[in-house]
Amino acid sequence: MAKFRAIHTIDLKPEVDRKEFEEFMLTEFIPETKKLEGCLGVQLLKGYKGSKPGVATAKSDYAWISLWESVEANN
């Protein structure tokens, strides 16, 4: 079975509360996306903004990755 991954980056506006955004994504957006036909899974990723030596900082605040049965299922 062919699979397709879609990656979407997210940059929050300054007035958006990060905890509220994460709560929305984890309790509403991702569960609803998983219900779509052909969706095999969804993950929310948080961009690293720290200062550990040798660890690159992320350009985006968050990303979400969805795994689909095919490109057509994603569309």
Side-chain angles (χ1 to χ4, degrees):
M1 174 191 308
K3 294 187 174 119
F4 176 79
R5 285 180 176 81
I7 302 171
H8 305 273
T9 58
I10 303 163
D11 294 312
L12 298 180
K13 293 182 178 182
E15 66 271 13
V16 175
D17 181 273
R18 291 178 181 274
K19 288 198 181 282
E20 287 181 18
F21 170 77
E22 289 177 20
E23 182 72 16
F24 165 76
M25 290 296 288
L26 296 173
T27 63
E28 295 182 44
F29 184 82
I30 289 175
E32 288 301 314
T33 302
K34 286 181 172 180
K35 293 178 185 177
L36 297 173
E37 185 176 344
C39 183
L40 303 174
V42 182
Q43 293 180 317
L44 178 65
L45 307 173
K46 189 173 185 177
Y48 176 72
K49 300 292 185 181
S51 59
K52 290 184 179 178
V55 180
T57 58
K59 291 183 180 179
S60 296
D61 297 323
Y62 294 88
W64 62 278
I65 300 174
S66 51
L67 178 62
W68 300 87
E69 291 177 353
S70 64
V71 173
E72 294 77 22
N74 175 67
N75 293 338

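In this text, all values refer to a predicted model and were calculated from it rather than measured experimentally. Computation of the quantities below employed the complete heavy-atom set of this structure, encompassing side-chain atoms and omitting hydrogens, waters and symmetry-equivalent molecules. Numbers here are sequence positions counted from 1.
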[X] vs [Y] side-chain heavy atoms within contact, under 4.5 Å:
X     : Y     : answer
Ile65 : Leu45 : yes
Glu22 : Tyr62 : yes
Gln43 : Ile30 : no

*Take Leu12 and Asp61 through the test side-chain contact (heavy atoms from CB on, under 4.5 Å) and record every step on the way to the result.*
CA-CA 7 Å; Leu12 298 180; Asp61 297 323; 3.7 Å; yes
*Give a yes or no on whether Tyr48 and Ile10 share a hydrophobic cluster (residues Ile, Leu, Val, Met, Phe, Trp, Tyr; joining criterion: side-chain heavy atoms under 4.5 Å apart).*
no
*Is there a chain of hydrophobic side chains (I, L, V, M, F, W, Y, each step under 4.5 Å between heavy atoms) that links Val42 to Leu44?*
yes
Heavy-atom closest pair, residues [X] and [Y]:
X     : Y     : result
Thr57 : Gly50 : CG2-O, 3.2 Å
Ala6  : His8  : CB-NE2, 3.7 Å
Gly47 : Ala58 : CA-CB, 3.4 Å

*Would you say Lys49 has more than 12 foreign heavy atoms packed within less than 6.0 Å of its NZ?*
yes
State the [atom1]-[atom2] distance between [X] and [Y], to the nearest 0.5 angstrom.
X     : Y     : atom1 : atom2 : result
Ser66 : Arg5  : OG    : CZ    : 10.0 Å
Phe21 : Lys46 : CZ    : NZ    : 10.5 Å
Ser70 : Leu40 : OG    : CG    : 9.0 Å

_Could you check whether any side-chain N or O of Asn74 sits under 3.5 Å from a backbone N or O of Trp68, counting only pairs where one atom can act as donor and the other as acceptor?_
no
*Inspect the contact between Asp11 and Lys59 and indicate whether a charged nitrogen and a carboxylate oxygen are less than 4.0 angstrom apart.*
no
